Novice: 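Pasting a structure here, questions to come.
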There are 2 protein chains.
Amino acid sequence: MKNVTIKDVAKAAGVSYSTVSRALSGSREISHDTRERILQVCKEMNYTVNTVARSMVMKSTRLLGLILTSVNNPFMSELAYYIDQEAHMRGYNIILCNSSRDMDQERELFELMIGRQVDGILLCPAGPGSYERLRPYLSRIPTIFIGENLREVPESYVSVDNFRGAQIGVEYLYNLGHRDILYFGRRRNSTTHQLRAEGYAAACERLGLTPMYCNNTFSSTSIRYGYDLAKQLFSQQERRFSAIFAATDTNALGIMQAAEEMGLQIPQDLSLLGFDNIRDSGLPRIELTTIEQPKQLLANVALDTLVDKIQNELSGYSHRIISPALIERNSCRKI
Amino acid sequence: MKNVTIKDVAKAAGVSYSTVSRALSGSREISHDTRERILQVCKEMNYTVNTVARSMVMKSTRLLGLILTSVNNPFMSELAYYIDQEAHMRGYNIILCNSSRDMDQERELFELMIGRQVDGILLCPAGPGSYERLRPYLSRIPTIFIGENLREVPESYVSVDNFRGAQIGVEYLYNLGHRDILYFGRRRNSTTHQLRAEGYAAACERLGLTPMYCNNTFSSTSIRYGYDLAKQLFSQQERRFSAIFAATDTNALGIMQAAEEMGLQIPQDLSLLGFDNIRDSGLPRIELTTIEQPKQLLANVALDTLVDKIQNELSGYSHRIISPALIERNSCRKI
DNA sequence: GTGAAATATGCAAACGTTTTCTTGAAAAAT
DNA sequence: ATTTTTCAAGAAAACGTTTGCATATTTCAC
């Protein structure tokens, strides 16, 4: 399994190994004939350049660390796909890892990535405290936060406009005739959640609606969280809302299940609006109307920003906010 | 952003840099005092060992290449999650890439990974021809094929028992009273598909059923494929089957959508059985009964096998076949 | 108190590249 | 025919580690 090196090629071609390097790098200071000959020998010997040796001297691995909370999550896996694609187009590869929303784990992964000499890090933060916890590392490695709005923090991030997205959602329901809209989901979990809740509140204010929340003391996350909370909600006396605005599609999926079990029909008995537009939402029989986070664009902008930061050794930061759009399907009805 | 090296630490601690290396590696041939002192200095200076330099001399990167057809696919993303987890537990990291079922792309990625000096490759092959196309590389890098049964091929793979899984499925439907079971899906697409079709045929034979297939000339894949084909199927005259056994859950999802549109109720009017148990299948309102591919186990076995191959420089191969299980939900009914 | 054994540390090679500097030869200009 | 210029190719340093070998110091037995 011993790999053939540049020296083996040099010997076979009867030149010095620096000449081989030049032949491969496309340098101009080499004669046409020798280049052709060397390239021929390389092919015959199945030579592949050793990227780690190159990285040593070039001081660049062309590797990017991608730290997610979990690829096993429809939003993140789709994002990961586009990120890989965008990275590949720019000549980078991705080292993937999962923090499982554990901040200690996240910090460890950061150290690991720095040790691996990645050129930059793409981070979907584990929680609202991530920025503070990671601050010591941020000066050591170009980093971009994805999906999370850091507000006034002096670090680069790209995020959808969560505030605006929530507004759009409320306005949509309002125009459908809904006046009693329940906001369903965490409110302090992350800046993302905070902003969505704030957007909801602002829109209610503007439209003269009274905001309604449901207590959110549950700690389990996502679909299960939605299911448990909704189950409890639906078993209370009479309902005072005609629509639910779920903070995430995964929550909405849980709500759907609870509704199903309680004999509530969506959208006939209850309108349901999500946020994220994960793949599952487009499924037959689900057809959740939702606010889209444009994942491909998110990935594109993230890579542009990060690569720019790497190549120009920028110490500044940029905040990129992408506008969300409503995807109308079949979970909300006019009343 | 200049990183501090072992030499900087050595200087600060007043020792040679080999001593620092020994202090960090936990070698015994160093005095307790100097080790403590050096460790202290390392901490103060935020020293992190440069993994790529280490890789050079150790001739091991502790990186594994994971080549998927696409992370943006519920089965693969779940698999990727467990693979990362298992790899992490063994001190490896994952370089992720997507072949998009393109064999040229797949071959390129293989070369790329070899250049990056990964210690091994985990491959979800792009197609049935992958093995042949990649053969030249397989002697150069420890590789394990995942999810695909290579039959008599002398390369390591881990796969679920697709043949047996299909049998289990047919038997289940049979016991529910079904006698006219349509097999829905590709049959020559990959060994996986071939084996499922064969298992179906074998079970029919044993139970005295006549196998039924639907023509599969469509080329689009997965959910769309299922939808298109099912739509055509349902618009034909009368139906001669009471149940459909879909080759994959994604196909089944497409079938569901078509059924919905044509006013066919599942399971009342038609029983539907899937294969894979992707996350979506467990969703409320979907509740697809299906044959499970145990992803976590697949990942575990894949890493055991690969790491073993790497560490013991095994040139042999091992075929690991995992038994599938039926996950009963709500898409099949007794008749 | 001497020699041997054990222990702690330093030196230098090696890993496979890229790139600067140097050299030698050929081509061009005088 | 000589000098200058251009060009191709080699030599060697550098990247940041690990580790075998050499060396210096301590510990121990006699």
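Residue numbers start from 1 in every chain, and the chains themselves are labelled A, B, ... in the order their sequence lines are given, proteins ahead of strands. Because the structure is predicted, anything quoted here is derived from the model rather than measured.
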Novice: Would you jot down, in residue-number order, the residues of residues 55-63 of chain B having a non-hydrogen atom under 4.0 Å from DNA chain D?
Specialist: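 Here the set is B:Met56, B:Val57, B:Met58.
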Novice: D:dA9, C:dT18, D:dT17: which one has an atom nearest the side-chain heavy atoms of A:Ile30?
Specialist: D:dA9
Novice: Within the 3.5 Å criterion, strictly below it, is a donor on A:Ser31 or A:Thr34 matched to an acceptor on the partner's side chain?
Specialist: yes
Novice: Has B:Thr5 got a side-chain N or O lying under 4.0 Å from the OP1 or OP2 atom of D:dG16?
Specialist: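 Looking at the OP1 and OP2 atoms of D:dG16, neither is under 4.0 Å from any side-chain N or O of B:Thr5.
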Novice: Under the 3.5 Å rule, do the base of C:dC11 and the side chain of B:Ser16 count as making a donor-acceptor pair?
Specialist: no
Novice: For the CG atom of B:Leu64 and the CD1 atom of B:Ile144, what is their distance to the nearest 0.5 Å?
Specialist: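 Result: 10.5 Å between the selected atoms.
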Novice: If you take all heavy atoms of B:Tyr131 and B:Glu155, which pair is closest and at what distance?
Specialist: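 Scanning both residues completely, I find the closest heavy atoms to be CE1-CG, 3.6 Å.
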Novice: With rounding to the nearest 0.5 Å, note down the distance linking CG in B:Asn50 to CD1 in B:Ile6.
Specialist: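 Here the interatomic distance stands at 10.0 Å.
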Novice: Identify, between A:Thr48 and B:Ser31, the residue whose nearest nucleotide on DNA chain C lies closer to the 5' end.
Specialist: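 Looking at DNA chain C, the more 5' nearest nucleotide goes with B:Ser31.
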Novice: Which nucleotide in the list D:dA11, C:dG16, C:dC11 gets nearest to the side chain of A:Ala53?
Specialist: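 The answer is C:dG16.
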Novice: Please determine whether a side-chain nitrogen or oxygen atom of B:Ser21 lies at a distance below 4.0 Å from atom OP1 or OP2 of D:dT17.
Specialist: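 B:Ser21 to D:dT17 OP1/OP2: no side-chain N or O under 4.0 Å.
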Novice: Using a cut-off of less than 4.0 Å, is there contact between a side-chain N or O of B:Thr34 and OP1 or OP2 of C:dT9?
Specialist: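 It does, given that an N or O in the side chain of B:Thr34 lies less than 4.0 Å from OP1 or OP2 of C:dT9.
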Novice: Compute both the distance and the angle, then confirm whether B:Lys295 meets the cation-pi test with B:Tyr82: under 6.0 Å from the six-membered ring centre, within 45 degrees of the axis.
Specialist: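 So B:Lys295 doesn't make the cation-pi contact.
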Novice: Check this for me, if you would: do A:Glu111 and A:Arg140 make a salt bridge, where the nitrogen-to-carboxylate-oxygen distance has to be below 4.0 angstrom?
Specialist: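 No salt bridge links A:Glu111 with A:Arg140.
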Novice: Does a side-chain N or O of A:Ser18 approach OP1 or OP2 of D:dA9 to a distance below 4.0 Å, or not?
Specialist: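 Looking at the OP1 and OP2 atoms of D:dA9, neither is under 4.0 Å from any side-chain N or O of A:Ser18.
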Novice: Between A:Asp104 and A:Arg107, does any side-chain N to carboxylate O distance fall below 4.0 Å?
Specialist: yes
Novice: Can you tell me the distance, in whole Å, between the CD1 atom of B:Ile38 and the C1' atom of C:dG10?
Specialist: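 B:Ile38 atom CD1 is separated from C:dG10 atom C1' by 12 Å.
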Novice: Please tell me which of the listed nucleotides, D:dA8, C:dT17, D:dG16, lies nearest to the side chain of B:Asn50?
Specialist: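 Comparing D:dA8, C:dT17, D:dG16 against the side chain of B:Asn50, the answer is D:dG16.
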Novice: Starting at atom NZ of B:Lys7, determine the distance to atom P of C:dA12, rounded to an integer number of angstrom.
Specialist: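 Going from NZ in B:Lys7 over to P in C:dA12 covers 12 Å.
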Novice: Would you say D:dG16 has OP1 or OP2 under 4.0 Å from some side-chain N or O of B:Tyr47?
Specialist: no
Novice: Answer yes or no: does a side-chain N or O of B:Tyr17 lie under 4.0 Å from OP1 or OP2 of D:dT19?
Specialist: no
Novice: Near A:Arg320 CZ, under 6.0 Å, is it more than 12 heavy atoms from other residues, nucleotides or ligands?
Specialist: no
Novice: Measure from CG on A:Asn3 to P on C:dG16 and round the result to the nearest Å.
Specialist: 9 Å
Novice: Using whole Å, report how far CD1 of B:Ile6 lies from C1' of D:dT18.
Specialist: 8 Å
Novice: In whole Å, what is the span from the CD atom of A:Gln117 to the C1' atom of D:dT17?
Specialist: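 Going from CD in A:Gln117 over to C1' in D:dT17 covers 11 Å.
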Novice: Between C:dA8 atom P and B:His32 atom NE2, what is the distance in whole Å?
Specialist: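 Computing the B:His32:NE2 to C:dA8:P distance gives 12 Å.
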Novice: Which part of the nucleic acid, if any, lies within reach of A:Val15 when heavy atoms closer than 4.0 Å are counted: base, sugar-phosphate only, or nothing?
Specialist: sugar-phosphate
Novice: Rounded to whole angstroms, how far apart are CZ on B:Arg22 and P on C:dA8?
Specialist: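 My rounded result for the distance is 11 Å.
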